[in-house]
Amino acid sequence: VALLDIARGPALWASLAMCFVGIAWRLWGILRRPVKPDWSMPRSTATTAGALRMIVRRMWHHETFRERTLLSSVNAYAYHIGLAVVFFGFLPHIGFIRRLTGLSWPAVPGWLFIVAVGAVFVGLGWVLIARLSNPVLKLLSNFDDYFSWVVTILPMVTGMAVISLALDQPYPAQPLNPVPVAIHLLSLELLLVWLPFGKLSHAFLVFVSRGYTGAAFARKGAEL
Amino acid sequence: VSDIDAQHPVDLESKRFSIRKPAVRCDKQGEQPDAERLQAAMQAFVKDMGRAAAVYMESCIHCGNCAEACHFYVQTGDPKYTPIWKLEPFKQAYKREAGPFAWLYRALNLKHPVTVGELEEWQSLLYDSCTVCGRCTMICPMGIDIASLISQARHGMFAAGLVPHELWAVAERAEREGSPLGATPKVLKERVEWLADDYEVEVPLDRAEAEVLVTFSSIEIMKYPESLVATAKILNHAGYAWTLSTKGYEATNFGLLSGNAAWQRDMTMKLIDAAVACKAKVLVLPECGHAYTGLRWMGANIYGKPLPFRVLHISEFLAENVQNGRIKVKQVPKSLTFHDPCQVSRRGGAVGAPRVVLQALGVELRETRDHGSLNWCCGGGGGVVTIHRADELRYRAFEIKMKQLDATGAELTVTSCANCRQTFDDGQAHFKWGRTMGSLLELVAENLQG
């Protein structure tokens with residue numbers, strides 16, 4: 001119980017604090033960089049619209065790249081959506097969020113949860129195989145890529161170990177096996193701690209990066 | 001000066017203009033020690049690091065998609081041509097020296113300091129195998145504008161004295177003589193006199209005041225002088241008060257391509273000063289891709305305030321005047337395919353202009369499978385066409401273009417970039433290809449009414 005108390009208490013708050021402070025630090029480190037005024041005559045002044053359009057447009061590849069990127073795009077969507085369904089749709093997770101924030105919503109059906117779990121494991125498995133076997137990915141990959149993979153799949157693996165009741169049943173506030181639950185929670189906290197430092201930060205940088213290019217290209221009247 | 005000219009003689013005999021193939025390459029300029037080179041490279045790279053570049057440096061997720069958009073990777077399958085990999089030393093340097101967690105990287109030595117040896121190794125990736133075409137930007141799921149980072153990395157490379165022999169030589173000549181290919185003011189005057197006589201066309205030079213200032217690429221002046229004639233015919237036909245200026249006529253900017261910001265500024269300011277001096281309302285850029293980036297999108301920022309005149313690529317000028325009726329053209333009953341210059345179309349936003357002109361000409365436009373903003377580069381942009389050791393790789397990239405153009409079955413093939421055109425001429429000779437790349441400008445001039 002002591003370990004669970006730590007995981008639910010100080011470790012959780014510390015990891016959340018590190019996550020938010022880390023994100024803020026990283027964004028500040030980028031945004032404090034100078035921006036030179038652009039004196040060129042714009043073709044369009046709708047740069048905010050351009051930024052927003054780019055954020056949406058780049059959610060799917062241009063048709064011409066389909067042959068080469070379709071599988072990786074579909075896979076990326078599969079495990080990203082899978083992760084979202086697992087985290088936000090599983091009843092015990094909703095209970096966890098409710099305890100933290102007071103917010104709650106209906107859980108997804110059990111079958112959808114199972115599909116989502118499958119999509120995450122298959123998808124992340126594929127990602128790792130591709131990273132280890134594709135010459136381009138092998139060349140680009142570094143510690144960040146592999147460690148980010150580990151901290152992403154770890155909560156899934158530890159989560160599997162604590163599923164002990166029917167998927168649509170509410171779990172008791174004090175679990176029967178507190179140590180595996182504590183480990184599961186600690187693995188999530190590891191992810192939170194790592195998120196601002198490594199490539200998992202694409203969760204927020206994706207909007208900044210796409211937005212900048214979208215605004216710049218819109219100004220020039222270039223296609224996004 | 002004569003020593004430099006003797007060491008790097010301009011080659012105006014081959015299909016593409018550059019300096020002659022050096023017997024002994026000199027890809028490292030200056031005598032400074034490695035530590036100084038490194039410091040200069042890092043300072044130049046980090047000094048220019050604005051917010052957008054920092055965002056891009058932080059955002060790569062190592063998905064490798066950019067490789068699939070790069071002609072050099074697609075044609076060779078060699079992972080080192082993955083666009084984002086071409087920036088690897090600079091990414092490392094950024095993380096270690098300038099990123100939000102730089103202190104952590106340094107304290108724990110998570111990224112080793114970049115060495116001059118690494119920069120030398122990366123020289124061919126940053127110059128020979130990147131045309132700065134920006135196709136990788138179109139595929140990146142994070143929207144990273146990799147091409148802009150390559151240009152910035154080239155600043156670092158130039159500061160370190162690590163520019164490919166030929167590119168450095170033409171850039172140095174451009175700074176010293178005003179033209180990378182020997183199109184000095186004297187040569188320009190001689191050419192103008194010769195062309196005016198031979199083609200019986202009026203070419204105003206150094207008028208005190210003019211509504212339109214016309215500029216050229218040295219490739220046009222030296223290799224395609226018909227472009228000068230075509231421009232003159234069109235401007236005269238449209239009834240503009242226009243001029244050429246010996247003070248600012250060279251639109252190519254090898255300061256931009258090689259990575260020397262000071263030289264880029266000098267070359268840009270010549271054009272701006274010439275336009276201001278003759279009170280031009282419009283400065284027309286020639287059929288040249290990077291000239292458009294250099295002046296249309298970067299010129300005012302070098303000037304430090306909005307330019308007191310409009311800057312138009314020649315294809316935009318033609319489109320505008322076809323639409324307002326000042327240029328009247330005959331119909332051309334032929335099928336035609338158009339090669340989009342990357343810097344004008346994808347990166348410049350002027351995809352529509354040439355198509356307006358082609359529509360007015362009444363041609364049957366047959367687009368390549370990938371066209372407009374998603375076109376494949378000819379392989380010669382970004383200064384690559386000047387570098388002899390890059391030839392074989394460039395030809396591999398060119399094969400994509402040949403296949404796509406052939407697949408259209410069009411009778412005519414035209415573009416609006418003289419650098420693309422000379423790359424096509426060179427590729428045509430190399431592959432004994434049946435197509436000859438033409439010029440949109442010349443096509444219009446040949447089909448003026450009246």
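Every value quoted in this text rests on a predicted model; they were computed, and no experiment measured them. Each chain gets a letter, A, B and so on, in the order the sequences are listed, and its residues count up from 1.
Heavy-atom neighbours of chain B within the stretch residues 71-79 of chain A, taken at a separation under 4.5 angstrom, comprise A:Ser72. Close approach to chain B, defined as a heavy atom under 4.5 Å from one of its heavy atoms, is seen in A:Asp38, A:Trp39, A:Ser40, A:Met41, A:Pro42, A:Arg43 of residues 38-48 of chain A, taken by number. Within residues 144-151 of chain A, the residues having any heavy atom under 4.5 Å from a heavy atom of chain B are, by residue number, A:Asp145. Residues of residues 209-224 of chain A lying under 4.5 angstrom from chain B, judged on non-hydrogen atoms, are A:Ser209, A:Arg210, A:Tyr212, A:Thr213, A:Phe217, A:Arg219, A:Lys220, A:Gly221, A:Ala222, A:Glu223, A:Leu224 by number.
Contacts between B:Ser148 and chain A at a heavy-atom distance below 4.5 Å are absent for every atom of the residue. For B:Tyr73, the part lying under 4.5 angstrom from a heavy atom of chain A is the side chain only. B:Val344 does not touch chain A: none of its heavy atoms, backbone or side chain, sits under 4.5 Å away. Both the backbone and the side chain of B:Ala98 come within contact range of chain A, each with at least one heavy atom under 4.5 Å from a heavy atom of that chain. For B:Ala52, the parts lying under 4.5 angstrom from a heavy atom of chain A are both the backbone and the side chain. Proximity to chain B is limited to the side chain of A:His62, based on heavy atoms less than 4.5 angstrom apart. Residue contact with chain A, scored on non-hydrogen atoms closer than 4.5 Å, is absent for B:Lys91. The contact between A:Leu139 and chain B is made by backbone and side chain atoms together, counting heavy-atom distances below 4.5 Å. Using a 4.5 Å cut-off between heavy atoms, A:Thr64 touches chain B through backbone and side chain atoms alike. The contact between B:Ala350 and chain A is made by backbone and side chain atoms together, counting heavy-atom distances below 4.5 Å.
With 3.5 Å as the limit, one finds no donor-acceptor pair spanning the side chains of B:His62 and A:Lys199. Side-chain polar atoms of A:Arg26 and A:Ser201 form a donor-acceptor pair below 3.5 angstrom.
In terms of non-hydrogen atom pairs under 4.5 Å with chain A, the most contact-rich of B:Gly299, B:Gly77, B:Gly348, B:Ala67 is B:Gly348. Across B:Met49, B:Met138, B:Lys305, the residue that shares the most heavy-atom pairs under 4.5 angstrom with chain A is B:Met138. In terms of heavy-atom pairs under 4.5 angstrom with chain A, the leader among B:Cys60, B:Gly143, B:Gly372, B:Gly349 is B:Gly349. Among the candidates B:Thr82, B:Leu104, B:Val74, B:Ile61, the residue making the largest number of heavy-atom pairs closer than 4.5 Å to chain A is B:Ile61. Annotation: maximal heavy-atom pairing with chain A below 4.5 Å, among B:Gly50, B:Gly64, B:Pro306, occurs at B:Pro306. Heavy-atom pairs under 4.5 Å with chain A were tallied for B:Met57, B:Lys80, B:Arg135; the largest tally goes to B:Arg135.
Across all non-hydrogen atoms, the minimal contact from B:Cys66 to B:Cys136 is CB-CB, 3.9 Å.
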Verdict with supporting geometry, B:Arg369 and A:Glu67, salt bridge (charged side-chain N to carboxylate O under 4.0 Å, His left out): CA-CA 14 Å; B:Arg369 177 179 175 266; A:Glu67 276 171 42; 3.8 Å; yes
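Remark: side-chain polar atoms of A:Trp25 are not paired, donor with acceptor, to backbone N or O of A:Pro196 under 3.5 angstrom.
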